[in-house]
Every structure is written in C-alpha cells, then in structure tokens.
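Convention: sequence-line order gives letters A, B, ...; per-chain numbering from 1.
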Amino acid sequence: MAAVKFHMLDITYKIVGDGVVILIFGKTDDGKRICLMDDSFEPYFYVLPKKKEDIEKLRPAIESVKISRDDYNFFVKRTEVLKRKLNGRLADVIKVTVNNPKAVPPMREEIAKKPGVQGIYEADILFVRRYLIDRKLTPLTTWEVEGEFINFRSRVSVLKAAKITQLSDDVAENLRVLAIDLETYSATREIMPTENPILMVSFYGTESLNNSKSRIFRKVITYKKFNTDKDYIEFVGGEAELIMRFKEVIDEFKPDVIVGYNSDSFDMPYLRTRANKHRIELDIGLDFSSLRMSKGQAEHAYIPGIAHVDIYRFIRNTMPTMLKTDTLDLDSVARELLGEGKAEADVSELATTWDRHPEKLEQYCEYNLKDSELAFGLFRSLFLNMAEMVKIVGLSLFDVTRMTFSQLVEWFLIKQTPLYEEIVPNKPEHADVKERITKTYQGGFVVEPKPGLYDDIAVFDFRSLYPSIIASHNISPSTLNCSCCEDKAKKVPLEGKNYWFCEKKKGFISQVIEELITRRMRISEIIKKEKEENKLLRARSQTVKILANAFYGYLGFYAARWYSLESAQSVTAWGRFHINKVIEKAQKEGFNVLYGDTDSVFLSLKGRSQKDALKFVEAINMELPGVMELELEEFYPKGIFVSAKIGEAGAKKKYALLNEHGAIKIRGFEMVRRNWSPIAREVQENVISIILREGDVEKAFNYVRKTMKELEQKKVPVEKVTIFTQIQKGLDDYENVGPHVAAAKRMLAKGYPMVAGSLVRYIVVQGKGKISDRVKLPEEVQEGEYDDQYYINNQIIPSVDRIFEVLGYSKEALLESKDQSKLGTFFK
DNA sequence: GATTGGCGGGG
DNA sequence: GTGTACGCCAATC
C-alpha cells in the first residue's frame, strides 16, 4: 500500500465494462504527477412519489428498468428510501442508483412516465461534480490517499485508491504553469483558421509557481528563417512541424496548468483546426485523449488531466466590476493588474512582414512571447483568487474559472445541500424561463444623476448591503410567508405586497449566506490582528464577499434553481430603505448628492475636504447594524455624468471619471465597439479625453464640429467609415436583412465564400431607401463615396450627443453647428 | 413596440 | 457530457 499527499488538478471519468471509474489527475506533495483511480462511486438520482403509499409499488417498477443504447447496458443497481427536504418540507424520496452516468438521462425519461411519480431530482448533477461534493473532497487542497499502483493506460502512473480523505486546506505550492499564445497569418481583420496558418507559438512558464527563484521557461517556435541572437527562438520546417513541436514541448514540460488569454475561443480551437488540416492528433491529454472542444453558446477547451485556464474567461466572468478598465483586452487588463502592457508591434502588418520582410520578424517573436508572459503574469496574480473560489465552491479549477456568478452561487448552494439534507430543485422548464424572463420588479433606489461636469467627487459603495439583508431578514424561498408567523412577523416594506419571512426557522439560503458572512468576519478579525499583509486571507475574504454579493442577483435570475421573485423583491425593498437613510444623512451634512444607485452614492465635495468625506463614512458606519458597511471607493478630481435615457425614470448609469492618477474610468459608453465605424470610436474617445483631461468643452465641441465638416467635405478616408461586422449564420437563415446581411450578399454575389464567421466590411453610401439598400463594399467605392449624413446622424452624433447634451448643447445644436453662421450663439 | 442578431476577447 | 452564458443595443419588422 502506498500513501501519498495529493492535490487534484483535473477530474474525469471513464466507462469500463458495465461500470464506471473516476480518474483524478494531480500531483503529490513531492511534485510527481499521478492519477487516482476510484471505482467505488456510482451515479444516482432521486424520485419523489406522488403519495407516500406509492413507494413500495414504485420501487420494483423502477428496479426493473433496463435500457440498451449505443453498446451500453443501462440498469438500476438498487433503490433506497430516504427523508429529504424539498422547499422546506420533509418528504420520503427514493434514491435510485444506476450503473452508468450516461444511463441517467434515458432512465429519467423512462421513470418519469410511471404512474405515481411526482418528480425526479438531481438527475442533472454532472458525475464528477457529484463525486467531489459527496466525497467532500476539495480540488487543489491536500488530500491523503492510500492505494496501490496499477496498470492503466495513462501518461502518468495510476494509483488505484482504496481510501481518499481530505487532509487540509493547503493549496498545492509547486504548480508547473505554462502560458501559451499563437500568432497567425491574417491579411485582414478577419480570423479564418481554415485558411490561414499559425505562424508562431510562444511559451512562458515556471516549474514552481510560488518559488520566485524557479527557472523561467521561454520559447517561441516559428518557421520562417531570419537572423537573430535570441536564444528562445526555435526554427522548424513548417506549420505541421510547429504543431508537432507544440505537442512535444507540452509533453516535456509537463505542465499542471496551461494558461491562455481567450484561449477557449481562439488559440485552442485554432490549433485544433490547423492540426486537423495536417491530420495531426492533438492528443495532449494525460489519458492520451485529445483536446476536447465543448460547444454551447460559449466554447470551452478541455485537456484531460491538465487544468487549462483561460484567464480572460475568469476575468470576464468574475472581475469586470472590480477593474477600472472598461475593455478587457490583454493590454488594458495587464496594464491595470500587472503594471505593464503588450510589446510594441503592429500585428495587422504581421502577414505582410511574413511574406515580404522576414528579416523584421524578430519583433513579432518578442511580441508573441510577451503575450504569453502577460497571460502567465495574470494567472500568477489571480491564482489566489481562483484557488479560493475553487475551495469555496468545491469544483475543479477548469469549471470554476468558466462559471458566471449565478453558476458559482448555484454550485456553492448545491455543495451545501447534503449537510442540510436538502434536495436540489430542478432547473426551470423552458416555459417557466420564458415567463420568468418577462417578470420585472422594483430594483435599487436611484438618485437620478445630475448631468454635468463636476470637480472633486467621492464615491461610496455599500458592498455588503444585500447579503446582510438576506441573512438578517431570513430571506429564502422556503421561509416566505410561512403559516407559523403570519400575525407576528415584520412585514417587508413593499407597497401593495404582504410579504414576511419566518422568524422561527432559518431558511436554507439565508442560513448559508449567514455562515458566509460570519466566515468573512472571522477572516477580517485575523487580518486586523496580523501586522504583516496576508495575501491569502485577503483573497479569501474578497472571494467570500464576492460570492455573498451574488446571492441576491441569483434569487432573481430566471434560470436559477432557487429562483424566488418574492425574495428578490424583498431584498431590494429593504435595500431602498437603507440607502435612503444614507442619502438623507448626506444631505443633512451638506454634501451634494450627485448620483446614487442601489448601493453606491456619488458625492460632490465642493468646498469640503476628503477628510470630511471620510468622517462622514465613519459616522454612517457607527450607526449601521451588524455586518453592514459603507466603503469609500475612490476620489475623482473630475467627472462627467450623462443620463442614458433623458427624462425617463430609472436612467441608466453613464459616466466618465478621471482619477487621481490621470486614468479615465468610463461606464456605460461601451456601445461604440467593433460594429461601429472607426471614426465614431475615435470621436467619442477624443471628446471624453478633451473634456476630462483638458476641461475644455468648447474645444471638444469644435473638434466634433470639425470632424463633421470633414465628413461633409468627403475628406474622411474610406477606412474610417468602413463598418466591420461578422456574419453569424448562413445567409439564408436570416429573417431580417440588416445592412451587414445586405453587404454579405453582395460579397457572395462576387464569389466570396460567405459562411458563419465570415467578416463583412461595408460602407453606407448616399441614395434612397433603407440603410441595407445603400451598402457597398470597400472595393466598390471611391474615396469620399459615403453618405456623410448617415455617418453624422447614425455614428458621430449618437456617440457623443449625450455627453454634449448634459453640457448644454442639444443634439440640434450639434447638427446646426454645421452651419458656421450660427456657431457664435452656442458659446457665450 | 417587439423581435432579431451581433458584440465581447483573439490576429 | 447526468450541461446552463449574459446583458446591451441598433436595425428591422
């Protein structure tokens, strides 16, 4: 018998004969990669009978179900009767254990048809997740494993586990992490993996993540020869050889984690497409299986045995509100989190350089390597946060880094259910989702932004508002309007509704969130006591807080298993009650409340110091009950507020703030993106910058006026009015012919292949009729051949009109200003 | 006014 | 893989 300390990195399963084995890949405390094999876990689900008396009739009927499908024999191994809680009520349920995870969906259908069956539960809990939850095993942390090494096809030794126990909370220290990045041939902005080869691949990694002295591994593989003294550049014979070397490097480096930036939807699928083209198997999985692309709405690239982390996905899912940057491209994110951006190189010139000036390729190799280095850096700087999320939610690094907040909350709740003997509610039926999606309810309290340009703004955040409300008012689907407290319970301050929550028994959700809150309080206590900064505890505290904050949104999320409109309504009702108190106090203190939304308040300091603002927060916090806390987010020397929907109630936030370091934080202006013309993007960026950095509204106005005039005089180059859009499906599948579809049809007529993913470039030209009747391709237009009025009215004006509107210039003013003679009246 | 379709990241 | 992405916005119907 061997006994090892083990850290899990990935988990999967394999069908063996009529049964199933769990395969757990990871590494031992002394750095060896191994695989645990566990054949002692079986798939199961629950059947809820209509009547308790039906149970003994139902059991034999269920036990006799047998299904044969795709060479598999599916059968029921046994049934048991258990007591479980469903929506707060105790019920007798039948636990049905089957032989194969793939048996569950057909079994579910078959058994649901039987008379006496009320419902089937937990038949959609993925097998490996079920394993981790039931065995109380946490990925990445330290397990103790006893067993014997066996022969089993795998790149690493396989230990047949006789006993696995959770030993401690300590995360693996010595991870081998390898970041990768591709550069590909692309003469246009279009990305076409079937047409264009990979030109380079870079690697940046370490043999031990926590050891700063550990050797750094750097490599760029490419296949066009040029003179260089960079020893990390390796030349191969062509693309096929590049892919073969890619596989070898992975095999030799033996990474525990592979990192990329947007690698789920770019690098990995690109590699796979190119490998297919060369008939190369991308069998880098530790069980010798291939890179697997799973396709839902979002693609995931899964490598059995290795934790592939797409760091962009993690950031996008869990961090955008915490970041100052509004765009999540690698350069912006790395600048903010690592303090350095991408290397200098014009990637749109790579294809030309490759074809005509290979001697200049070295800078592209440096650029390529830098991208890997940044992805690696982001992984290193966020690993604590990811690991904490893994520890709380209890699923693999791969899963956790790809989940949205609603999914994280849901799986966190699912993990708690065995402790409370709760049954996991089913996902809503399609019809329920459709109905729920239409339901709206009153949200947070909003003080309409007072549009304008302001100096010295202090922003306060009420971050723990909703979690503390859920805990202290016992808000849960199961405690809503209980029969035991109807007369005595405190009523939710919500006009027209008579809601209350049980004051005798804790609800599942409120109890779970209360434990999260107290856990965070304990962590905060320790942090306060310790003199030195404890990064681990800070990450833990932050992660708990983020998760707790997501509970409210989850309760009102249409696809949630524990959806409860009434609960969500009650949370916001109590929230409005509390924020109103803060606003009243701020006004009493003499601050100018510029804007408030749900859990945040923007105060203008004019005439008062930052110290006064800090004192104000302190005073508020003294009076707040329990865990509730108001925090200072940041001071901003300058900011502009725009109401997105002028005159309407519930205006959405739209503002740009300049912080003390000169960085601009923009919220709500993100509409000007790819499918807008470059000229519109450029104008919006420059206008915001001139107004905030130079404080010169007139200059910004003149700049826009000048640009519109240039448009009218046809001086703007065609590429700046060319709109890029991607075709998402076959042209015949479009019901509506939008401008991009019209352009695509023109391209098709000219013999360009137009499939899902094809990029369309078009220019709107003058003429009559719908916009889609007036699109032309870049090759069809002369310089200056564009509809200046379209670009002025549909591109330039919408990108800046709100900004000018709040500064006293109406849309009409912008338009009229084209007439020189009237200009004088706008500047007094 | 309601519905449809594209966007993000990546070269 | 016992599978669930999301929220915003313009153009068209």
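- Note on A/D310: nothing from the nucleic acid sits closer than 4.0 angstrom, heavy atoms only.
- Under 4.0 Å is where a charged nitrogen must lie from a carboxylate oxygen, and between A/E435 and A/K439 at least one such pair does.
- Between A/D371 and A/K342 a salt bridge is recorded (basic side-chain N to carboxylate O distance below 4.0 Å).
- Using a 4.0 Å cut-off between charged side-chain N and carboxylate O, A/D134 and A/R130 make a salt bridge.
- The separation between A/L378 atom CG and B/dG10 atom P is 11 Å, rounded to whole Å.
- Contacts of A/K342 with the nucleic acid, taken as non-hydrogen atoms under 4.0 Å apart, involve only primed sugar atoms and P, OP1 or OP2.
- For A/T327, the side-chain atoms get nearest to B/dG9 when compared with the rest of B/dG9, C/dT12, B/dG11.
- Atom NE2 in A/H300 sits about 13 Å away from atom C1' in C/dC6, given to the nearest Å.
- Checked for salt-bridge contact, A/R316 and A/D264 miss the test: no charged N lies under 4.0 Å from a carboxylate O.
- Here B/dG9 presents its C1' atom at 14 Å from CD of A/E183, a figure rounded to the nearest Å.
- At a threshold of 4.0 angstrom between heavy atoms, the contacts of A/R316 include nucleobase atoms, whether or not backbone atoms are also involved.
- Within the 4.0 angstrom heavy-atom criterion, only backbone atoms of the sugar-phosphate kind lie near A/L182; the bases stay farther away.
- Rounded to whole Å, atom P of B/dG9 lies 12 Å from atom CG of A/L323.
- Within the nucleic acid shown, A/F74 has no heavy atom closer than 4.0 Å to any nucleic acid atom.
- We find that CZ of A/F398 is positioned 16 Å from P of C/dT4, with the value rounded to whole Å.
- Heavy atoms of A/D371 sit under 4.0 angstrom from primed sugar atoms or phosphate atoms, though from no base atom.
- Residue-level contact check: A/Y563 touches neither bases nor backbone, having no heavy atom under 4.0 Å from any strand.
- Side-chain to base pairing of A/T184 with B/dG11: no donor and acceptor N or O lie closer than 3.5 Å to each other.
- As judged by a 4.0 angstrom heavy-atom cut-off over every strand, A/Q407 is placed among the base-contacting residues.
- Contacts of A/S263 with the nucleic acid, taken as non-hydrogen atoms under 4.0 Å apart, are absent.
- Summarising the geometry, the separation between CD1 on A/I437 and C1' on B/dA2 is reported as 14 Å, rounded to the nearest angstrom.
- Rounded to an integer number of Å, the gap from A/N794 CG to C/dT12 C1' is 13 Å.
- Within the nucleic acid shown, A/Y558 comes within 4.0 Å of sugar-phosphate atoms alone, with no base atom in reach, counting heavy atoms only.
- A/D329 comes within 4.0 angstrom of the backbone, heavy atoms only, and of no base.
- Residue A/Y185 has no polar side-chain atom (N or O) positioned under 4.0 Å from OP1 or OP2 of B/dG10.
- Separation of the P atoms belonging to B/dG11 and C/dT4 is 32 Å when rounded to the nearest angstrom.
- Across all strands shown, A/Y302 has no heavy atoms under 4.0 Å from either base or sugar-phosphate atoms.
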Q: Run the numbers on A/T97 and A/E42 for side-chain hydrogen bond (donor to acceptor under 3.5 Å, both in side chains), then give the verdict.
A: CA-CA 7 Å; A/T97 303; A/E42 298 165 316; 5.2 Å; no
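- For A/K66, the NZ atom is loosely surrounded, since the number of other residues' heavy atoms within 6.0 Å does not exceed 12.
- The distance between atom CZ of A/F266 and atom P of B/dG10, rounded to the nearest whole Å, is 10 Å.
- The residue A/A559 sits apart from the nucleic acid: no heavy atom pair falls under 4.0 Å.
- Using a 4.0 Å heavy-atom cutoff across all strands shown, A/K427 reaches at least one base atom of the nucleic acid.
- The phosphate of C/dT12 has OP1 or OP2 within less than 4.0 Å of a side-chain N or O from A/S772.
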